[in-house]
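I have placed the structure first, in the form of structure tokens, so that the comments after it can refer back to it.
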Amino acid sequence: MGKGQDGHTELGLKQEDLLAMHRFMLLARYCDERQWALNRQGKAPFVVPVSGHEAAQVGSIWAFERGKDVFCPYYRDMALCLAAGFTPKDVFAGLFGKFDDPSSGGRQMPAHWGSRKLNIITGSSPISTQILHAAGIAYSKKYKHEDSVVGTWFGEGGTSEGDWHGAMNFAGIHKLPLVFFCENNQYAISVHESKQVAGRVYKRAEGYGMPGFEGDGNDVLESYRLAKDAVDRARAGEGPSLIELRTYRFYSHTSDDDDRTYRSREEVEEWRKKDPILRFEKYLTDADVLDDKGLESMREEAKSDVADGVKQANESEFPDPSTGALHVFQEAQ
Amino acid sequence: MGKGQDGHTELGLKQEDLLAMHRFMLLARYCDERQWALNRQGKAPFVVPVSGHEAAQVGSIWAFERGKDVFCPYYRDMALCLAAGFTPKDVFAGLFGKFDDPSSGGRQMPAHWGSRKLNIITGSSPISTQILHAAGIAYSKKYKHEDSVVGTWFGEGGTSEGDWHGAMNFAGIHKLPLVFFCENNQYAISVHESKQVAGRVYKRAEGYGMPGFEGDGNDVLESYRLAKDAVDRARAGEGPSLIELRTYRFYSHTSDDDDRTYRSREEVEEWRKKDPILRFEKYLTDADVLDDKGLESMREEAKSDVADGVKQANESEFPDPSTGALHVFQEAQ
Amino acid sequence: MAEKTLIQAVHDTLQEEMQRDDRVIVLGEDVGARGGVFRATMGFLEEFGEERVLDTPLDECLIAGVAIGMALDGLRPVAEMQFADFIFPAFNQIVSEAARIRYRSNNDFNVPMVIRTPWGGGVHGALYHSQSIEAFFAHVPGIKVVAPSTPYDAKGMLIQALEDEDPVLYLEHKKTYRLIKGEVPDERYAVEFGVAEVRREGADLTCVSYGLMHHFCLEAAEKLAGEGIDVEVIDLRSIYPLDIDTVLESVGKTGKAMVVYEDNKFLGVGAEVAAQIAERALFDLDGPIVRIAGPHVPAMPYAPTLEGWFMPNPDKIEQEMRKLAGF
Amino acid sequence: MAEKTLIQAVHDTLQEEMQRDDRVIVLGEDVGARGGVFRATMGFLEEFGEERVLDTPLDECLIAGVAIGMALDGLRPVAEMQFADFIFPAFNQIVSEAARIRYRSNNDFNVPMVIRTPWGGGVHGALYHSQSIEAFFAHVPGIKVVAPSTPYDAKGMLIQALEDEDPVLYLEHKKTYRLIKGEVPDERYAVEFGVAEVRREGADLTCVSYGLMHHFCLEAAEKLAGEGIDVEVIDLRSIYPLDIDTVLESVGKTGKAMVVYEDNKFLGVGAEVAAQIAERALFDLDGPIVRIAGPHVPAMPYAPTLEGWFMPNPDKIEQEMRKLAGF
Ligand SMILES: Cc1ncc(C[n+]2csc(CCOP(=O)(O)OP(=O)(O)O)c2C)c(N)n1
Ligand SMILES: Cc1ncc(C[n+]2csc(CCOP(=O)(O)OP(=O)(O)O)c2C)c(N)n1
Ligand SMILES: [Mg+2]
Ligand SMILES: [Mg+2]
């Protein structure tokens, strides 16, 4: 945890922050477990897991001001989107492709997050395109003299596309209020980091004239701390930062993948021991924020919220086929 | 010059190297002056100047083994291509778009170099595409256990495209026998380096796991020294390097440009004083390689070779229109 | 009302739009001090400052992606691609992102951006400064593609593009930049997309084209008039949406159709026009649907002999018109 | 001779070609330990080693550009784009480089590379895992585009692609991967490009298609046979070069033509086929040239209700065939 048992106070976090952060991590974890179960039952053809990344996501978004700042996440960021305002029902409406999926009304695959209301910019499948949108939005904020900060998230695989390079370069040149977060889980589907990234991601920051940091993405407070410093710098007009949060995904890349072809069971086990949620639970009890009973009741509450979300999403409808032709362009008024 | 008056001996260069290097710089300079004159006379609709870059180009290619190593230059590299085997006649056949233009038989604009015979890979207009070709060729050389080294050249503007990023990353991952040369003349047409490159080009090397160096591109021996070390490392299996050679172009970007809109005359004058050819002439006299008479006769010889080249290219034919449809695909045998 | 060249019309309109709406911002390579390599943004830097007249790094993917971000945040970016031939690094951002964002977000987001770019040949630009790109993008649902051929339309369609709530690819034929002059009203007006213009009426043959070719077709038609061949010449102006009704109406009258375009023939815009005629007006026809287009080679070569060989020109068009009229 | 699925045919052919020629090298995302997300290179890493079975960074521009370099240096790279939808970052390298290198260098250089990619819908892939991309590339002179629809052709055309001295885009419809089985001879053979195959003879109507749609067309044709409507079904197989002669011959016999494709209609492959018929065989026709294709929306949505709405299917095709036959 790096800062001892009252690390969070030093970071300016209150108990209610800790509880809320923990709640979103739990919600994400249980949504994930439920979506896999639904997948096995044949009720969800496609699943993108988040487990393992919860701390990196919740910690980093916690540094932003919701309602004012803007987020360009990627498909892995379920915990982040929950913390930004998605409900479990929203997640499952997307999973099932129902008409009230807030991201796309059932048009996109699950985990293609987006919501104008929540300042989560619509995402697509092609990797890393959102990073340039983030740069454009950050430029616009600066141009309009709004003091919003933009955050964008991507995997270490995402750093390979030209879009990443362009956005880093542009943000560096214009000292944009933008924070780049790399959730480095060491694999892009099956491709190991060593075949993906020459050198190290965070070390590239200097070449773009911005500071780069590496942190433990399984530590929600460390993720928060690095993010907070970067967001503060950005808001103060001191420009962009790159933060690399090392983590691991517990499951296969998606339900279409089988990670046994490329990751040893030992390696997966090793990382499961570093479970960011277990780790934060230990912090919470050590810091006397919660006792075992408190932890347990938070778990129960989160589970039940997730179950409710599944139920509501289940009861909702598929989009009407007659709507398929709508919204290619603005409809004639 | 950095190394004092016998710098070249320490670098392993013989007098004949120096004379040849000087000759190619002169040829390039006079070709350039002639093509501008032809442009003014309405005899060459399009001109890409090289003046100012001669030392960076000749110095860097001198570190390679011609006939064995492979070159992926860009349009600015006339001096480099002359040193690699182009004749002045070849240059002007390309300038006029004649059938015996070795690069393209008059199909491409001038300065789109290429020659299978000379291991100069065909280049195009879209910036930076050649850098990935260089990476693929370097991979192929390694795959085939040939000990050729590949060199690729580009402007600082060229570092902005995703192709550059991809090639740097790929070369770093696979420790390819490849040297990247950035001829940084501080402008991409009118766009100043400060709006083009966040941070510094050579400093980006580390982020790709390779060494990066900065050198004075108006110093042919320094350009050679940096290139030689890098080529040696590459040939020894120690992987790629990035070398940034700072220089300046004396003329407008091309004959379609007018640099007075974006460069002060003072700045241009300042850099003209650092003329790489004058500088090398001083070195050659200081090192007693040539006296003034020797310099003068080299100039005369180069000028007359250029005049001959213009004459020959003038006498040659335009491609026959009936050939326009050929070579889209391999012709049926 | 003043007579302007096409490039002047673009320049002045953009300037006026920037004066009236500070959401409008231009970005691209050399749009600043240089004023654009074709001078479309000449003087803008001085007038609007470097934040609104943004010289970007040499990265078209960045230009498009950043413009999308600006549009998502409420600005009206006008992104310049220095030459149409260099738009391809931005293909993914334009096709996968700009064009799909409204649809994929179920109308939650939209991308009101304009991409301007000089296209077309006949200027000794060789393979990479002469290309036609309209067919690639007109094929993509979610983006509009327009190609004004007169200064009047250049103004009206640029204003329309800026008012559009969706991405517009606005193509400027570079050979027409200074070649084509025309009256441009001072007041602000929009030219609707998806409305073709019959610029010459005729009874014998319908000729459909756009861009520089449209002017060549008019020229050819004028010559044939002397021979008593009366060609109706339609300027599509907008490639997508395509005003097929105007074309069909004309074909219903003339019974003969040809499409002239500079792009290579295969899957060029003429293919779609011909296919729609063949689908909807087959029995109006008393001659084959003729397409005159560039040969199937990768854009036009540099040598004057080869460039001439590549380009459709008024003579070639005139011959084909005569042939079809006599069918 | 063995019965294989289409994906097996691709896998086995690639494996055999690598065994016989060590210039053949595969590269792409997850082609190594993962064996490709569709298992096209399963077991290759173990057999050929990681230098020949090259897991690349997540950068399609890199994949194409590096493959071009390899081809220029004498290798025979087979680059995999994980999904056709993700080929766009490589658009510039493919269109500006691979396709133009022979022409621009006046035959001095050439690029014998193969790009394999899974395309098409009907697999719950939504907007970005369902796209058709053939029209973009078939429009580009200098690259060949093929789309085998049977395991037999998958083998023969992959071998042909590897023997070709120019770039080939080899499209594998992902819905056919396991759905379509067929006999595949053990010996090595090539299926020539530019030769369409009449897979069902008929006198009343010519139906042209490729990929998954070809199988749907066969299905629809079989159903109509019971009603006495006799449809000739042509599998184009190769989009460029396009075997228009086979199509024209058939149309000369039936007098009616339809083209079925999954891509959106506007400037899709059907536009070119229709235009060529309209240009060369207009007076053979006694019905409009019908195109059945996807609607003009940015690829197919995820929800089953919407996916079903988007995709042409045997029923829709059957109805259109009946309508046209009765014209
Ligand atoms: C342009 C593009 N190419 C390929 C893919 C297929 N793909 C989806 S996710 C992925 C791996 C991404 O890895 P990383 O960025 O590390 O994120 P992670 O999944 O590990 O969180 C790949 C190759 C894609 N979606 N888009
Ligand atoms: C993809 C692409 N975009 C834009 C251009 C237009 N263009 C040609 S050269 C150039 C500037 C290049 O600058 P730099 O790389 O620094 O090289 P220099 O000319 O200074 O030697 C530009 C923008 C192009 N050729 N290709
Ligand atoms: Mg990863
Ligand atoms: Mg430069």
Side-chain angles (χ1 to χ4, degrees), chain A residues 126-129 131-132 135 138-139 154-178 180 182 184 186 188 191-214 238-244, chain B residues 126-129 131-132 135 138-139 154-178 180 182 184 186 188 191-214 238-244:
Chain A
I127 295 289
S128 291
T129 49
I131 311 177
L132 277 170
Y139 189 93
F154 43 83
E156 83 291 346
T159 65
S160 296
E161 293 283 1
D163 306 59
W164 181 84
H165 172 60
M168 289 288 293
N169 191 30
F170 189 74
I173 291 168
H174 295 284
K175 300 255 166 282
L176 297 183
L178 175 53
F180 296 87
C182 177
N184 186 342
Q186 305 158 55
V191 179
H192 188 258
E193 185 184 355
S194 57
K195 292 184 178 169
Q196 183 72 246
V197 183
R200 283 296 311 278
V201 171
Y202 78 95
K203 287 205 180 167
R204 291 189 182 166
E206 193 196 345
Y208 297 101
M210 69 177 85
F213 303 90
E214 189 190 16
E238 292 165 30
S241 309
L242 169 65
I243 293 170
E244 178 179 358
Chain B
I127 295 289
S128 292
T129 50
I131 311 179
L132 277 169
Y139 189 93
F154 43 83
E156 84 290 347
T159 65
S160 295
E161 293 282 0
D163 306 58
W164 180 84
H165 172 59
M168 289 289 293
N169 192 27
F170 190 74
I173 291 168
H174 294 286
K175 301 251 164 285
L176 297 183
L178 174 53
F180 296 86
C182 177
N184 186 342
Q186 306 159 54
V191 179
H192 189 257
E193 185 183 357
S194 56
K195 292 186 179 169
Q196 183 72 246
V197 182
R200 284 295 312 276
V201 171
Y202 78 95
K203 285 204 181 166
R204 291 191 181 165
E206 192 196 347
Y208 297 101
M210 68 176 85
F213 303 89
E214 191 191 14
E238 292 164 32
S241 309
L242 169 65
I243 294 170
E244 179 179 358

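Naming: A, B, ... by sequence-line order, numbering from 1 per chain. Just so it is clear, the model here is predicted, and its values are computed rather than measured.
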By side chain to side chain contact (heavy atoms under 4.5 Å, CB included), B:Lys175 pairs with (sequence neighbours left out) B:Lys142
What one should report as the nearest heavy-atom pair of A:Asn169 and B:Ala198 is OD1-N, 2.9 Å
Quick one: list whatever passes side chain to side chain contact (heavy atoms under 4.5 Å, CB included) with A:Ile127, sequence neighbours left out. A:Tyr75, A:Glu161, D:Leu58
Decide side-chain contact (heavy atoms from CB on, under 4.5 Å) for B:Met168 and A:His165; before the verdict, give the C-alpha distance in whole Å, the side-chain angles of both, and the deciding distance to 0.1 Å. CA-CA 11 Å; B:Met168 289 289 293; A:His165 172 60; over 6 Å; no
The reported gap from NZ in B:Lys203 to CD in A:Glu206 (rounded to nearest 0.5 angstrom) is 5.0 Å
Who wins among B:Ala205, B:Gly207, B:Gly209, B:Gly162 for the most heavy-atom pairs under 4.5 Å with chain A? B:Gly207
In terms of heavy-atom pairs under 4.5 Å with chain A, which of B:Lys195, B:Met210, B:Arg200 leads? B:Lys195
